[in-house]
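Okay, structure first, notes after.
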Amino acid sequence: MSPKVLSSMELEADFDGEDISSTDGLQELWPLGEIDPKRARFPCCIVWTPLPVVSWLAPYIGHVGICQEDGAVLDFAGSNLVSVDNFAYGSVARYLQLDRKKCCFPANLAAHVCERSYNHSEVGAAISWDDALQSGMRRFQHKYYNLFTCNCHSFVANCLNRLAYNGSVEWNVLNVAALVWFHGRWVDKMSVVRSFLPFSTVTCIGILMAGWSFLVGMAAFSALLIGWFVFTVYCIKGLVC
């Protein structure tokens with residue numbers, strides 16, 4: 001039997017169908033499990049917990065991590081160390097679940113669905129949520145931890161850039177901190193107490209011992225800390241990871 005000869009019209013239709021399927025950057029997303037604080041499972045969430053000493057003086061500062069689709073927490077906990085399912089500095093106090101539909105998961109470089117496809121490719125595009133986190137983990141496993149230049153917020157920002165979350169590849173330590181602080185949810189009432197009680201205690205003791213000048217000192221500390229990150233992130237490119 002002689003092979004069937006396709007007409008030019010049929011061939012063109014076939015190629016058109018292949019183009020549509022290959023350039024469709026929207027991939028099917030698996031359903032996520034439930035958030036379960038008792039089992040420390042926070043699928044596709046950014047999680048936060050207060051830091052010893054530092055959060056006592058500035059309660060808006062804490063340790064952050066980002067979670068895989070199965071809810072396991074990844075966090076940059078020290079030099080050359082990204083912990084998996086072992087969140088440093090205690091249990092999660094605050095969390096924010098992110099929408100995977102706001103991420104860009106291109107099947108290939110020609111199938112980008114975000115507006116900043118070139119910049120996204122530069123920072124490292126990923127085909128799935130977990131793939132982006134694993135790529136970020138491999139990168140930060142070779143970095144030295146520094147509170148002022150390369151910290152846990154830097155790791156989360158790097159992952160969000162790989163995801164091109166919300167169409168942006170300009171995530172940094174400041175907007176990651178603001179995202180969690182202004183949009184995150186407390187796990188329970190005890191988490192609020194755990195986060196603010198040390199700060200309130202230190203503040204009361206400081207006022208009793210040093211007077212209102214203690215508050216001036218704390219305000220100056222916060223201003224210097226925030227000023228450092230604003231200056232280094234937006235004025236000295238590359239200094240902060």
For the pair [X] (side chain) and [Y] (backbone), establish whether a donor and an acceptor sit closer than 3.5 Å, ignoring hydrogens and angles.
X      : Y      : value
Asn166 : Lys102 : no
Asn172 : Asn175 : yes
Asp130 : Glu69  : yes
Gln97  : Pro43  : yes
Asn158 : Ser154 : no
Trp171 : Arg162 : no

Does atom OH (Tyr144) have a neighbourhood of more than 12 heavy atoms from anything else shown, all under 6.0 Å? no
For atom CZ of Phe221, decide whether the heavy atoms of other residues, nucleotides or ligands shown that lie under 6.0 angstrom number more than 12. yes
Would you mind listing every ring-ring contact (aromatic ring centres under 6.0 Å, His included) that reaches into residues 32-70, with sequence neighbours excluded? Phe42-Tyr95, His63-Phe87, His63-Tyr89
side-chain hydrogen bond (donor to acceptor under 3.5 Å, both in side chains) partners for His153, two or more places apart: none
Ser91 meets the side-chain hydrogen bond (donor to acceptor under 3.5 Å, both in side chains) criterion, sequence neighbours left out, with Arg194
Determine whether Val64 and Phe76 make a side-chain contact, defined as any pair of heavy atoms from C-beta on separated by less than 4.5 Å. no
Would you mind reporting whether Leu57 and Phe199 have side-chain heavy atoms less than 4.5 Å apart? no
Parallel under 30°, tilted from 30 to 60°, perpendicular over 60°: which one fits the rings of Trp186 and Trp181? perpendicular
Hey, can you tell me if Phe148 and Trp228 have their rings parallel, tilted or perpendicular (30° and 60° cut-offs)? perpendicular
Which residues pass the salt bridge (Lys or Arg N to Asp or Glu O under 4.0 Å) test with [X], sequence neighbours left out?
X      : answer
Arg41  : Asp85
Arg138 : none
Asp70  : none

Could you measure the distance from the NZ atom of Lys143 to the CG atom of Leu81? Nearest 0.5 Å is fine. 15.0 Å
Once rounded to the nearest 0.5 Å, what's the spacing between atom OH of Tyr165 and atom CD1 of Ile66? 10.0 Å
